[in-house]
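We're numbering straight along the sequence, starting at 1.
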Amino acid sequence: MYRDRLEAARHLAEALAHLKGEHPLLLAIPRGGVPMGRVIADALEGELDVVLVRKIGAPGNPEFAIGAVSEDGSVHLEEQAQRCRDDWLAREIARQRELIDARRRLYTPVRSPIDPAGRVVVVVDDGSATGATMAAALATLRQRDPARLIAAIGVAPPETLARLAALADEVVCPEAPRHFRAVGQFFTHFDQVEDDEVIRLLGEEAL
């Protein structure tokens, strides 16, 4: 459906064009959401930062999210997590929290995260299968009192979008295929985004 993340971002920017002039805060989910967030922030004359959430992957299938951990320490678990051993789940939650702390130190070492209070906030990700990571991000940000909270996703199945609609004021997703296995199947080029690129994009001024 998309050539790459930048093409997906351009589609999202067009769908969010009504936000231009409101100086929105684009909060990208690392790492794949960050290149997209940069494109959208530039198009809408907004600011770019990251929202740090980490999915908890299923045992033996780490790409399938059974929950997510947010930067504020909160844990959001899917029904499938009930089938996991308590000790394994506790270790995985602790591991993801450590990774979140490390990423914050790496990505924004000299400034605090941008405060979403009173802002039009757009949470960006390249795609979402179960919605666990995006749901965790939205739930955490809602507690920070944004003026408006929008989920912007390159691709996701209809049932995931329906779930996220209950957590966001608006959900924007140009592609919602019913037959969904993994996010990468909908991109011709879906290379891994490295930390160096995330740091560079966060350091750029909006165009």
Treating R142 as the side-chain partner and L167 as the backbone partner, does any N or O pair qualify as donor plus acceptor under 3.5 Å? yes
Side-chain touch Q185/V155, heavy atoms, less than 4.5 angstrom: no
Can you see which heavy atom on G127 is nearest to which on V183, and at what distance? C-CG2, 3.5 Å
Indicate yes or no: does R54 engage D101 in a salt bridge with an N to O separation below 4.0 Å. no
Joint cluster assignment, V171 & V124, ILVMFWY side-chain distance < 4.5 Å: no
Could you report the tightest heavy-atom contact between A136 and S70, atom names first, then the distance? O-OG, 3.4 Å
For the hydrophobic clusters of this structure (ILVMFWY residues joined by side-chain heavy atoms under 4.5 Å, transitively), does one cluster hold both F180 and L161? no
Does V69 reach the side chain of L99, with side-chain heavy atoms less than 4.5 Å apart? no
Ignoring hydrogens and angles, tell me if any N or O in the side chain of E7 forms a donor-acceptor pair with the backbone of R3 under 3.5 Å. yes
Separation between CD1 (I93) and CD (E98), nearest 0.5 Å, reads 12.5 Å
Quick check: do V122 and L12 have side-chain heavy atoms less than 4.5 Å from each other? no
Are D42 and R38 close enough for a salt bridge, meaning some N to O gap below 4.0 Å? yes
For side chain to side chain contact (heavy atoms under 4.5 Å, CB included), just list the numbers for V51 and I29, CA-CA rounded to whole Å, side-chain angles, deciding distance to a tenth of an Å, and then say yes or no. CA-CA 6 Å; V51 54; I29 296 177; 3.8 Å; yes
Within-4.5 Å side-chain heavy-atom neighbours: V193 and V34: no
What heavy-atom pair brings R163 and A132 nearest, and what distance separates the two atoms? NH1-N, 3.7 Å
So for atom CD, which belongs to E79, do other residues, nucleotides or ligands contribute more than 12 heavy atoms lying within a distance under 6.0 Å? no
Heavy-atom pair with the smallest gap, counting every atom of P35 and E197: CG-OE2, 3.9 Å
May I ask whether V39 and V120 are part of the same hydrophobic cluster, defined by side-chain heavy atoms of I, L, V, M, F, W, Y residues being less than 4.5 angstrom apart, directly or through others? no
Gap separating the CD atom of Q96 from the CD1 atom of I56, nearest 0.5 angstrom: 6.5 Å
Can you see whether R144 engages T140 through a side-chain donor-acceptor pair at a distance of less than 3.5 angstrom? no
So, the side chain of Y2 versus the backbone of G154: is there a donor-acceptor pair under 3.5 Å, distance only? yes
In the structure I gave you, are the side-chain heavy atoms of E170 and H18 within less than 4.5 Å of one another anywhere? yes
So CG of L149 and CG of L138: to nearest 0.5 Å the spacing works out to 5.0 Å
Atom pair CG (L16) and CG (L26), whose distance is rounded to the nearest 0.5 Å: 8.0 Å
Return the minimal non-hydrogen interatomic distance between L48 and I114, and the atom names on each side. O-CD1, 4.0 Å
For D191, does its backbone N or O pair with a side-chain atom of R5 as donor and acceptor, under 3.5 Å? yes
D87 CG: over 12 foreign heavy atoms closer than 6.0 Å: yes
If you look at every heavy atom in G57 and W88, which pair is closest and at what distance? O-CH2, 3.3 Å
Does the side chain to side chain contact (heavy atoms under 4.5 Å, CB included) test come out yes or no for Q143 and D72, once each step is laid out? CA-CA 10 Å; Q143 299 175 29; D72 64 2; 4.3 Å; yes
Just wondering, are more than 12 heavy atoms of other shown residues or ligands nearer than 6.0 Å to CZ in R181? no
Can you check whether L19 reaches R148 side chain to side chain, under 4.5 Å on heavy atoms? yes
Measuring from R31:CZ to Y107:OH, what's the distance to the nearest 0.5 Å? 5.5 Å
Do E47 and R119 touch side chain to side chain, with heavy atoms closer than 4.5 Å? yes
In Å and rounded to the nearest 0.5 Å, what is the CG to CG distance from L52 to L27? 9.5 Å
Same apolar cluster (I L V M F W Y, side chains within < 4.5 Å links), V53/V75: no
Is there a side-chain contact between T133 and S128, using heavy atoms and a 4.5 Å cut-off? no
Should L164 and V172 be regarded as members of a common hydrophobic cluster, given that ILVMFWY residues are connected when their side-chain heavy atoms come within less than 4.5 Å of each other, either directly or indirectly? no
Answer yes or no: is there an ion pair linking R95 with E92, defined by an N-O contact shorter than 4.0 Å? yes
